[in-house]
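Below is one structure, written out as structure tokens; the observations come after it.
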Amino acid sequence: MKIEVGVATDIGQVREGNEDAYLVEPPLYAVADGMGGHRGGEVASQLALETIEELFRRGKGDLAEHVQQANRAVFQRSAADRRLNGMGTTLTAASIDGETAHLVHVGDSRAYLLRAGAMRQLTEDHTLVQRMIKAGEITAAEAEVHPHRNVLIRALGNEPEVRVDLDEVGLLSGDRLLLCSDGLTSMLTEDQVQAIAEAEPSPQAAADRLVRAANRAGGIDNITVLVLDARDSEAGDGDSTPAAVSGSATPFRRPSGRTIARWATAVVLVAALLVAGLSVLRSWLDGRWYVGESNGKVAVFQGVPATVLGYDLSTVHLETDLPADDVVALPSKLYAGLAEGLNADSREDAFAIVEQMQRDLQARDLAKAPAP
Ligand code: MG
């Protein structure tokens, strides 16, 4: 089977950096969506893809083993570098072997198959809400608006071992595979994704249009889309290249706007203080949330964890009864950055982080309890 590729990635409308990464290294294709404070998300997604690419090129072991090694690489780097503690990444990859697509998947990026006017999700999200749907606790419609819909229960880099979903799909000529980060699927319904994907014969045009549509719908997250079109080898004119994206030496692409954005933020902060006065700053800060430490307890803060000219840029919104030291000492190291503040996208997101901490503490206590 011949594969024609389209790929697009974008920072979105809200985020300061693009923590998504993709890999186009025929016959291997992947999307990774990183997470973690400071530069953690970018490092995690890129490191995972670099590891997989390297192993794949050397041809040792199978794809599932490569994912384990990528997991270990991210886990070890996260443990070795204080600033990267707690970073992680999703990974959804397809390797095409003849008529078969081998899929590996961890997290909430997704693979879809478009065939003969129908679109089918090939992967299952490893999220809290997906688990609740399966347990019959909420409906799929409720999950779409659930405040904790972004909480992952599986990702690369959080534990020394990771469970990897494996799947195989037989490809037919005319099939279109979609690999995407949740920045696409959280902004567009599946019907919208399908309509756009089917309207564009060219895979590159389809990828571009999907990203544009997600941006128009709000673009609250980084958006990455890979479109893989399968065609019978005989069907084409024979000499078109397999990858629309040139087999360049730089299969990774990522806007490096984060550092600049951080400086810009600092400049904007000071300017807002001096020029527009405190009220402008206040309303900006009111939209910012993080989880930090107050009186030795985990607390939800509104604002940013900083002071400018002696002016405290955050206030305690809620002080929980979770002991901060216990949370920081969790073996996952997920919350090692608590003292500096763990960024949240929203108030709901901050509460989701706190709830996850609570569950993690419970899990730790369960593990410690003597067997009955
Ligand atoms: Mg994302």
Side-chain angles (χ1 to χ4, degrees), residues 7-23 29-49 70 74 78 84 86-93 105-112 121 123-130 143-158 162 165 178-190 192-193 207 210-227 252-258 261 289 334 342-346 348-350 352-353 356:
V7 61
T9 188
D10 194 78
I11 192 170
Q13 305 295 309
V14 178
R15 295 294 174 93
E16 289 180 0
N18 193 345
E19 302 188 326
D20 285 358
Y22 67 81
L23 175 65
Y29 309 89
V31 167
D33 176 355
M35 63 213 74
H38 302 277
R39 288 191 56 244
E42 294 172 35
V43 173
S45 58
Q46 185 140 357
L47 177 59
L49 293 189
V74 177
S78 160
L84 301 176
M87 71 175 176
T89 183
T90 73
L91 176 78
T92 301
H105 167 70
V106 176
D108 66 350
S109 299
R110 291 181 179 176
Y112 288 96
Q121 189 177 337
T123 50
E124 185 176 279
D125 294 349
H126 300 138
T127 54
L128 197 60
V129 290
Q130 183 58 32
E144 278 180 19
V145 292
H146 197 281
H148 306 158
R149 60 187 174 278
N150 297 323
V151 177
L152 285 182
I153 55 175
R154 246 199 268 171
L156 258 63
N158 293 343
V162 67
D165 287 357
L178 220 64
L179 305 182
C180 59
S181 64
D182 70 332
L184 179 78
T185 47
S186 58
M187 289 290 100
L188 302 177
T189 65
E190 293 195 345
Q192 288 171 320
V193 171
L210 284 165
V211 166
R212 268 205 306 278
N215 264 325
R216 267 202 299 268
I220 59 165
D221 196 359
N222 309 142
I223 312 147
T224 301
V225 183
L226 249 81
V227 179
F252 307 101
R253 203 202 116 236
R254 186 200 300 286
S256 61
R258 180 166 270 253
W289 296 88
L334 266 177
L342 305 169
N343 265 327
D345 295 339
S346 62
E348 284 72 24
D349 192 29
I353 292 171
Q356 188 66 45

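Counting starts at 1 for both ligands and their atoms, in listed order. Just so it is clear, the model here is predicted, and its values are computed rather than measured.
- Just one of Asp125, Asp165, Thr90, Thr92 meets the side-chain hydrogen bond (donor to acceptor under 3.5 Å, both in side chains) condition when paired with His105; it is Thr92.
- A donor-acceptor pair is defined here as one N or O able to donate and one able to accept, closer than 3.5 Å; no such pair exists between the side chain of Glu42 and the backbone of Arg39.
- Residue side and main chain included, Asp108 places no N/O/S atom under 2.8 Å of the Mg ion (ligand 1).
- Taking a cutoff of 4.0 Å between a charged side-chain nitrogen and a carboxylate oxygen, Asp345 and Arg15 qualify as a salt bridge.
- The N, O or S atom of Asp221 lying closest to the Mg ion (ligand 1) is OD2.
- Rounding to 10°, one obtains 90° for the angle at the Mg ion (ligand 1) between OD1 (Asp182) and OD2 (Asp33).
- Here the rule is side chain to side chain contact (heavy atoms under 4.5 Å, CB included) with Met87, and of Asn158, Leu156, Val74 only Val74 fits it.
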